[in-house]
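The structure appears right after this line, and notes come after that.
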Amino acid sequence: MEGKKNISDVSTAFNKALDVIGVSEPSIAEHIRGELENQRSQLKLIASENYASPAVLLAMGNWFSDKYAEGTPGHRFYAGCEFVDKVETLASEHAKDLFKANYAYVQPHSGIDANLVAYWSILAHRVEAPFLNSHEKRHVNDLTNADWETLRQSLGNQRMIGMSLDAGGHLTHGFRPNISGKLFDQRSYGVDPETEMLDYASINTLAQEFRPLVIVAGYSAYPRKVNFAKMREIADSIGATFMVDMAHFAGLVAGKVFVDDFDPVANAHIVTSTTHKSLRGPRGGIVLSNESEMSEFIDKGCPMVLGGPLANVMAAKAVAFAEALEPEFEVYANEIVKNASALAEGIQKRGGRLVTGGTENHLVLVDVRDFGLTGRQAESALEAAGVVVNRNSIPFDPNGAWYTSGIRLGTPALTTLGMGETEMNEVADIICSTLKATEPKATSSGENSKAQYKLSDEVRDNNRRRAGDLLSQNPLYPDLHLL
Ligand code: DSN
C-alpha cells in the first residue's frame, strides 16, 4: 500500500487522470468528481458497498483493458497474453492463499457471472461428463443429434434448493427472473417464523423430499452466521453438490471471522463471491473450490458463459487480495462485525425491532413497521437526512418486494472510513430520530400511502448536519484532494 504513504501521489494520480479524461469528454470528468463529492457527503450503509483503496481503483484504469485473453493462463485463444497470464496467475494465487482454497478462478465479471460459471461447472461435472463417458465420447461435438438432444434435456431438467428471497436469499439462487430459475427446477428453504433464523431440520426435510442436484447457501440479507458444515452434511446425505455464494461476507471469511463450521471454503464443494463488497476490491467475481475434479470444468467459464476476461479488473483483484492478506485486514473484518453489533444495539435501545433480534455478521435488518412506515418510505426519508440504505423484504413480508417492511444496514463502508462503536451509536440515533419524525402521507382515498411520506424539516436538516460531522471526522480518501 505504498501509494497511501505519500499524500501527494494519490492526489496527483487522480487529478492528472481527470485532466486527461476531460480533454476527451469534460462531462465525464465532471461526473467522476461529482460521484466523489456525493460519496463524501452521505453515510453509506448499503451492506453490499464499500470503498476500494486508491491502488485498487488505479489498477483498473489502464491498457490491460484493451487485451483479449479468452482461455486460461498458458492456454489462450489469442497471442500476446504474456502479461495477462502473469496478472491472472497472481490474482489466482493470492485468492488461494487468502481463502485457503486449492483452486481459484478470477475471471467472472460479477457475482451473477460467478454463479453462472458455478452452475454450468456443476452441470458439466455431474451431468455432461458422465453422459459423455457412458457414450464413450470425449466431446459434445462427437454426439449424434439424438444423443445431444437427450443430454440437453437432462441438463435442463435438474433441481436446486436455495434460500427464499424474503428470508434473505438472492435472485441468482434459482429464482425465475434470473437465468438460474429458468435453468433449474427450484424449491426454497425459508426461516423459522418465530426465530426468523435458518432451521436446518426443515432444510434437511426439504432436501430429502426434493432430492436436488445442487444445494445453495448464502444470502444478501440474513443477519446471522450460517453453519456450512451442517449444510454440507445434508448435501452429502443425498449426493448433492453444495455451493456457497459468499458474496456478502467474503471479507469476513478472508478476515477469519467466519472459521471452522462457518467457513464456506472449508465446507462447500464450490464457492462463489463478488470482490467488491466486504472484501473491498474492484467490482467483479471469483469462483473457488477445494475439489480437485471441479477445476477443469470451472476453467471453461470463458467462453462457456463469460465474455473475454477483464485483465484490468483481474489486476485490481490481485491488488485487493494482497491488501486483504495483510494482518490489518483481519482487524478490519472484526471491526465490521463489532460495528454491526453496536449499530444493532443502538437501534434496539431506541425501540427498533431487528429481524432475528440481532446480528452476527456485517448487516442489520430493521423492521420499520413499528415506525409506521414501509421500507420505501424509510429509505427515502433517510436519504433526505444524509443516510443511504436500501429497503429490503423481511421474512413473510406483508408489503411485498417493492415497498417492503424493512431496511438493510451494513457496516463495511463506514468501518473502512475508520468509524467505530461510538460512531455507530450516533448513526443509530440519526436513523431512529429520522424514522420517528417521518410519517406516511394520506392518499386521495384517505389511506396511508406506501411511498409518499412527510419528514420534519428540522429533524432532516439537523440529521444531515450530524451525518456531515461524522463524515468530516472520518473522511473518505483523506489523502485525495481534487483540484
Ligand atoms: N446487489 C447486491 C446486494 O445489494 O446485496 C446483491 O446482488
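One-based numbering, in listed order, for ligands and for the atoms of each.
The side-chain tip of R391 does not point at the ring of Y403 from less than 6.0 angstrom away and within 45° of straight on.
The protein heavy-atom contact nearest to atom 1 (N) of ligand 1 is S48 OG, 4.5 Å.
Relative ring orientation between Y119 and F184 is described as perpendicular, the plane-to-plane angle rising above 60° on a 0-90° scale split at 30° and 60°. The aromatic rings of Y103 and Y105 sit parallel, their planes meeting at an angle under 30°, below the 60° perpendicular limit.
Here the two rings, on F242 and H269, have centers that are 6.0 Å apart or farther. For F228 and F262, the gap between ring centers reaches or exceeds 6.0 Å.
For ligand 1 and S220, the ligand atoms under 4.0 Å from any heavy atom of the residue are 5 (O). Atoms of ligand 1 found under 4.0 Å from any heavy atom of R408, numbered from 1 in the order shown, are 3 (C), 4 (O), 5 (O).
Of the options K277, H170, E49, the smallest heavy-atom separation from atom 7 (O) of ligand 1 is shown by H170.
Ligand 1 is approached by H248 to a heavy-atom distance shorter than 4.0 Å.
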